[in-house]
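Please read these numbers as outputs of a predicted model, since none were measured by experiment. Any value given below was found using the heavy atoms of this structure, including those in side chains, with hydrogens, waters and symmetry copies removed.
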Amino acid sequence: MTTAHINGIGTAVPEHDIHQPINAVLRTMLPDQRTRRVFDRMTEHSGIGHRYSFMRAGGRADEQEVEEQEVDAGGFYPRGNFPGTRARMALYETQAPRLARRAVAALEREIPTGALDDITHLVVASCTGFTAPGLDLQLATELGLRPDVQRTLVGFMGCSAAVPALRVAYQAVNTDPAARVLVINLELCSLHLQESSDLNALLPLTLFADGASAALVTAQPTGIALLDFLSMIISDSCDLMTWHIGEQGFNMHLSGQVPQRIKQTLREDMEQAGANKILRGEQVKDFDLWAIHPGGRSVLDAVEAGLGLAPADLSSSRRILHDYGNMSSATVMFVLQDMLRVHQTRDNHHDEARGMAMAFGPGMVAETFRFQMAG
């Protein structure tokens with residue numbers, strides 16, 4: 001039986017670290033010292049040290065200067081007059097292919113020369129921008145892919161989209177063992193900054209960042225073997241995580257109830273067991289690796305508590321959260337790349353460690369797959 005494998009993963013982020021400057025600017029939008037203290041406490045304990053954007057943030061350390069400073073050095077976000085959705089999508093159309101190409105170049109450095117030749121399928125996942133012809137067609141042209149390449153665009157599925165994108169690749173390889181699938185996740189979250197005095201609206205903006213990943217999926221038995229996929233819609237949760245198109249970009253809503261619902265769902269899942277549950281009837285001890293999308297520190301804490309994991313089990317996810325923030329759909333691919341690199345540097349890297357990958361998105365939906373390191 002054919003088994004699809006992620007043969008390699010390349011990742012890329014833009015050059016500007018915006019985490020501290022943007023947070024400094026966002027806090028000045030709050031109306032009083034009480035809410036600013038809450039903001040400071042939340043950002044201090046976020047578990048994030050860096051976030052990157054293609055725009056250079058304009059905030060400075062001194063608050064009096066920040067009050068008068070534009071959000072970004074290029075003036076795309078003028079205070080009191082943030083740009084409309086049309087202007088943001090125009091930037092997405094030019095900036096998204098550039099970052100995606102950098103991720104593909106990084107992938108080429110991870111795999112043998114010529115491994116990207118004769119790509120048969122291209123899968124692109126993104127929720128932070130839309131154009132037509134889309135990013136998939138732009139990349140097919142710019143990368144010189146064959147005219148009959150089969151394209152699939154996974155759109156607006158939020159942070160969990162990397163898993164459905166890999167599922168498309170998995171199905172393509174299982175259908176045709178000769179298939180060679182390029183899977184790209186691209187998110188420009190910094191295109192959707194909002195100007196608000198509402199603390200609950202600003203806090204999600206301190207999590208998200210720009211990033212891209214590129215992965216090659218084939219039947220070649222190297223890298224990460226994709227074993228199976230399972231999706232679960234979490235009942236009565238559709239209003240907890242939403243992503244709507246507004247007049248000034250896309251509006252994100254993250255309820256404070258999200259971590260508790262995740263923890264509750266995972267605990268109930270383990271209690272009920274069964275092949276149609278997230279753990280597929282297995283136990284936590286049956287897995288060596290946990291590739292959890294780092295939606296935020298509280299999300300990782302909820303998964304850890306819900307499954308009864310040891311702190312070390314989520315070391316890769318917490319490391320990626322600290323180094324890059326939440327890059328929406330691309331983030332779990334950074335986690336998998338981190339795990340793959342750690343595995344390959346070990347003396348016993350031929351041992352077949354088994355893992356569970358998991359990401360949560362609007363719905364709320366838990367998207368999961370089991371995997372195994374193939375040496």
Side-chain angles (χ1 to χ4, degrees), residues 1-13 93-126 131 133-155 161-187 211-227 229 329-330 332-341 343-345 349-350 357 369 371-375:
M1 178 179 175
T2 301
T3 300
H5 288 71
I6 302 175
N7 299 143
I9 302 171
T11 59
V13 295
E93 189 169 2
T94 59
Q95 295 295 328
R98 294 177 185 175
L99 189 56
R101 289 197 304 271
R102 287 183 53 197
V104 172
L107 171 61
E108 290 179 308
R109 294 192 291 270
E110 298 287 332
I111 57 180
T113 301
L116 287 185
D117 293 345
D118 203 28
I119 293 296
T120 60
H121 297 70
L122 173 64
V123 184
V124 177
S126 183
T131 60
L135 178 59
D136 55 329
L137 191 57
Q138 286 177 285
L139 290 173
T141 301
E142 294 179 13
L143 296 175
L145 302 185
R146 47 197 264 186
D148 65 344
V149 65
Q150 298 184 42
R151 296 175 291 111
T152 301
L153 180 64
V154 179
V163 181
L166 285 174
R167 186 171 62 232
V168 172
Y170 166 86
Q171 293 168 341
V173 172
N174 284 352
T175 300
D176 178 6
R180 303 181 61 78
V181 189
L182 178 60
V183 181
I184 293 175
N185 294 272
L186 183 289
E187 304 293 3
S213 66
L216 176 65
V217 179
T218 75
Q220 179 69 31
T222 60
I224 302 174
L226 301 174
L227 303 182
F229 288 75
S329 72
V332 75
M333 300 303 295
F334 279 65
V335 176
L336 288 167
Q337 181 194 51
D338 183 77
M339 289 182 166
L340 185 58
R341 286 177 172 174
H343 181 74
Q344 290 174 337
T345 57
H349 72 268
H350 292 295
F369 64 91
F371 64 91
Q372 185 168 302
M373 292 297 179

Side chain proximity check, [X] to [Y], heavy atoms < 4.5 angstrom:
X: Thr131; Y: Gln138; answer: yes
X: Ile184; Y: Leu122; answer: yes
X: Arg146; Y: Ile119; answer: no
X: Leu336; Y: Phe371; answer: yes
X: Val123; Y: Val217; answer: no
X: His5; Y: Ile224; answer: no

If you compare all heavy atoms of [X] against all heavy atoms of [Y], which two are closest, and at what distance to 0.1 Å?
X: Ala165; Y: Ala125; result: CB-CB, 4.1 Å
X: Ala178; Y: Thr120; result: O-CG2, 4.4 Å
X: Leu107; Y: Leu216; result: CD2-N, 3.9 Å
X: Ala103; Y: Ala12; result: N-CB, 3.6 Å
X: Asn185; Y: Ala330; result: CB-CA, 3.8 Å
X: Pro164; Y: Val154; result: CB-CG1, 4.4 Å

Working for side-chain contact (heavy atoms from CB on, under 4.5 Å), residues Thr152 and Asp136: CA-CA 8 Å; Thr152 301; Asp136 55 329; over 6 Å; no

Assess whether side-chain contact (heavy atoms from CB on, under 4.5 Å) is satisfied between Gln344 and Leu340, documenting all intermediate values. CA-CA 6 Å; Gln344 290 174 337; Leu340 185 58; 3.7 Å; yes

Does the [X] side chain pair with the main chain of [Y], one donor and one acceptor, at a distance under 3.5 Å?
X: Ser126; Y: Leu186; answer: yes
X: Thr11; Y: Ser213; answer: no
X: Asn7; Y: Gln220; answer: yes
X: Tyr170; Y: Leu227; answer: yes
X: Arg109; Y: Gly10; answer: no

Under the side chain to side chain contact (heavy atoms under 4.5 Å, CB included) rule, collect the residues that match up with Arg341, sequence neighbours excluded.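 Only Glu110, Gln337 meet the side chain to side chain contact (heavy atoms under 4.5 Å, CB included) criterion with Arg341.
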
Distance (rounded to the nearest 0.5 Å) between Leu182 CG and Thr218 OG1: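 Atom-to-atom, Leu182:CG and Thr218:OG1 are 12.0 Å apart.
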
Separation of Leu143 CG from Thr141 OG1 (nearest 0.5 Å):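 Rounded to the nearest 0.5 Å, the OG1-CG separation comes to 9.0 Å.
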
As a test of understanding, state which of Val181, Asp176, Val173 forms a side chain to side chain contact (heavy atoms under 4.5 Å, CB included) with His121.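 The option that passes is Val181.
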
